[in-house]
Number of protein chains: 2
Amino acid sequence: MLSFTEENYLKALVQLTVFEDGKSEVGVNRLASYLEVKPATVSDMARKLKVKALVNYEKYGKISLSELGRKEGMMVIRRHRLWETFLYQKLDFTWDEIHELAEELEHIHSKKLMNRLDQFLDFPDFDPHGDAIPNEDGDIIIPFRRTLSEVKEGKKCKMVAVKDNSTEFLKYVDKIGLKIEDEIQVIKKEDFDSLTTIQFNTKELVVSPKFTDNIFVLCAICLKAKECDC
Amino acid sequence: MLSFTEENYLKALVQLTVFEDGKSEVGVNRLASYLEVKPATVSDMARKLKVKALVNYEKYGKISLSELGRKEGMMVIRRHRLWETFLYQKLDFTWDEIHELAEELEHIHSKKLMNRLDQFLDFPDFDPHGDAIPNEDGDIIIPFRRTLSEVKEGKKCKMVAVKDNSTEFLKYVDKIGLKIEDEIQVIKKEDFDSLTTIQFNTKELVVSPKFTDNIFVLCAICLKAKECDC
DNA sequence: TAATAAAGTTAGACTAATCTAACAATATTT
DNA sequence: AAATATTGTTAGATTAGTCTAACTTTATTA
């Protein structure tokens, strides 16, 4: 049985080596800053997780997930996202409230409970933030998507998910009135200070990279083909 | 913020000094055996809980809950019983499965979550085992009830709750087909070996004190007046 | 390539919750 | 009231997860 803490390490590793594309392994410092602990702590834990065959790791080397570790990490994420969906759909919590609660609920280990909840929610494919929910076997469809920062001037796209799940970010998105499935048009991109002017729901708004880097979008073309110049 | 363990001590103290009638304080050994830890551990913890003003306790003395401790303990029980109700009513778990899961879920601290869940469940007064659910302020109606062992030969009564929530006990109750609200008649009480013959749903069955001590009942008279010779 | 910077490790300490083993206080019984 | 039994406490150890401070290894750059 994995501890609360071990599960958080595995979840973090999935975030950094599976969802963050281009990297299948991660350094001690990176993981430490992600988890907000000191590198020494990660060093120790990496050794322990290796003993339990959850990660691949050699002294002074990078850390990556083993097949078992990946599966366990995915289960934590499955539980997190199913609880988020429950809180949002059934208990009417808002977008920005559900993440924190799910951080606690995700550590309740019961396959049966999660499968019943899944069924109760009618087998959702995505959580309220637009992220895919891994299945019982830890499989997940990682859909192709771009950040709003990548979209060229003049092009239209559709918001499909958020990257940053923090309360502050979600409150901001909520405040400006943007929702998943909304259409966004990039009106102007200012190279000098990286500010972007966007239009959605007939409103025009100037936003910073802190916003555009954390909004996932798809355009009509990239919905069908992965290569697209939107 | 209370730890998982501290909450379990407070919950146990509520069970032993509020629900178990006649005692408002408890000894170190009793609490230790209830929690399945060593007396030394309870001694230590009693000192810590006293510092936090959660219990009244002096070296070599009995332990009792402070007003604050009682409230915190009641909150754990409120969460436990609301989750049990959810699991039973909404996720179709069986009587004997819900207790264990609720033991984990009860430690999620969020007043808002519990109030939303309460509302979602339509403000239930009792959990699936027949126990009252404390309100948001920690208040609870402790109904008058007898155990089946107290009922005299020939008398009829109604099952209202179980005392023992263990999986084994609940599985047995389920197996014999007895449910809350069922009418039970005490046919015969054998003094020699304390076996009781009961009748319910047209079935007749011989049961031991292990059963009768753990079934709570009310008769038609004690439903109205607390004094009754059922 | 030698110096410096960055990344990672180790040793030793701390806290919470537990244990065992030895001891101390209180209660009961003859 | 003395002996015995019960009950409770203390000291010292253990484990998990964390820290700081000192050290080592690897990478970068002048």
Side-chain angles (χ1 to χ4, degrees), chain A residues 1-13 16-17 20 22-65 69 72-73 76 103-104 106-109, chain B residues 1-13 16-17 20 22-65 69 72-73 76 103-104 106-109:
Chain A
M1 173 106 319
L2 298 176
S3 73
F4 200 101
T5 310
E6 288 169 327
E7 286 190 345
N8 280 139
Y9 275 81
L10 296 177
K11 187 177 57 153
L13 283 165
L16 295 173
T17 68
E20 207 118 299
K23 304 144 196 168
S24 68
E25 50 178 30
V26 74
V28 168
N29 277 336
R30 175 83 184 90
L31 183 52
S33 76
Y34 185 87
L35 287 168
E36 299 184 283
V37 297
K38 301 291 162 187
T41 312
V42 170
S43 238
D44 259 19
M45 187 54 95
R47 216 174 348 91
K48 286 180 202 159
L49 293 175
K50 193 209 156 108
V51 171
K52 293 196 175 187
L54 294 160
V55 301
N56 309 117
Y57 165 71
E58 296 302 331
K59 231 186 183 182
Y60 294 106
K62 301 274 181 184
I63 306 164
S64 66
L65 285 164
E72 290 292 345
V76 183
E103 285 288 303
E104 298 195 55
E106 73 189 10
H107 297 291
I108 311 277
H109 312 84
Chain B
M1 173 107 317
L2 299 176
S3 75
F4 200 100
T5 310
E6 289 169 325
E7 286 190 343
N8 280 139
Y9 276 79
L10 295 178
K11 185 177 56 153
L13 282 166
L16 295 173
T17 68
E20 207 119 300
K23 303 144 197 167
S24 69
E25 49 178 31
V26 73
V28 168
N29 276 336
R30 175 81 184 91
L31 184 52
S33 78
Y34 184 85
L35 287 167
E36 298 183 287
V37 299
K38 300 293 164 188
T41 312
V42 170
S43 238
D44 260 18
M45 186 55 94
R47 217 175 348 92
K48 286 180 204 159
L49 293 175
K50 192 208 155 108
V51 171
K52 293 196 174 187
L54 295 160
V55 301
N56 309 116
Y57 166 70
E58 296 303 330
K59 232 192 195 181
Y60 294 107
K62 302 275 180 183
I63 306 164
S64 67
L65 284 165
E72 291 292 345
V76 183
E103 285 288 303
E104 297 196 55
E106 73 189 13
H107 298 290
I108 311 279
H109 312 84

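As a basis for the values below, the full set of heavy atoms in this structure was taken, side chains included, without hydrogen atoms, waters or symmetry mates. The model shown is predicted, which means the values in this text are computed figures rather than measured ones. Sequence lines set the chain letters: A, B, ... in the order given, protein chains first and strands last, and positions in each chain run from 1.
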Next on the checklist: Whole angstroms only, please: what is the CG-C1' distance between A:L2 and D:dT15?
Outcome noted: 17 Å
Checklist entry - Taking only residues two or more places apart in sequence, or in another chain, which ones meet A:S64 in a side-chain hydrogen bond (donor to acceptor under 3.5 Å, both in side chains)? => result A:N56
Checklist entry - Between the main-chain N or O of A:V37 and the side-chain N or O of A:T41, is there a donor-acceptor pair closer than 3.5 Å? => result no
Checklist entry - What is the distance, rounded to the nearest whole Å, between atom OH of B:Y60 and atom P of C:dT26? => result 7 Å
Under 3.5 Å, which N/O atoms of the protein pair with N/O atoms of nucleotides 12-21 of chain C?
from: C:dA17; atom 1: OP1; to: B:S3; atom 2: OG; distance (Å): 2.5
from: C:dT18; atom 1: OP2; to: B:Y9; atom 2: OH; distance (Å): 3.4
from: C:dC19; atom 1: OP2; to: B:K38; atom 2: N; distance (Å): 3.0
from: C:dC19; atom 1: OP2; to: B:T41; atom 2: OG1; distance (Å): 2.5

Item to check | Nearest to side-chain heavy atoms of B:R47, which nucleotide of C:dT26, D:dT10, D:dT24 | outcome: D:dT10
Checklist entry - Once you round it to whole Å, what is the distance between P of D:dT15 and CE of A:M1? => result 21 Å
Checklist entry - Just how far, in rounded Å, is P of D:dC23 from NZ of A:K59? => result 17 Å
Next on the checklist: Please enumerate all residues that pass side-chain hydrogen bond (donor to acceptor under 3.5 Å, both in side chains) together with A:E20, with sequence neighbours excluded.
Outcome noted: A:R30
Checklist entry - Roughly how many Å is it from CG in B:N29 to C1' in C:dT26, rounded to a whole number? => result 12 Å
Item to check | Listed partners of A:A12 passing side chain to side chain contact (heavy atoms under 4.5 Å, CB included), at least two apart | outcome: A:L31, A:Y34, A:L35
Checklist entry - Restricting to pairs with a member in residues 36-45 of chain B, which pass salt bridge (Lys or Arg N to Asp or Glu O under 4.0 Å), not counting sequence neighbours? => result B:D44-B:R47
Checklist outcome for this item: To the nearest angstrom, the CG-P distance between A:L31 and D:dG17 comes to 14 Å
Next on the checklist: Quick test of your reading: applying salt bridge (Lys or Arg N to Asp or Glu O under 4.0 Å), list the pairs with at least one residue in residues 49-65 of chain B, sequence neighbours left out, ordered by first then second residue.
Outcome noted: B:E6-B:K52, B:K50-B:E58
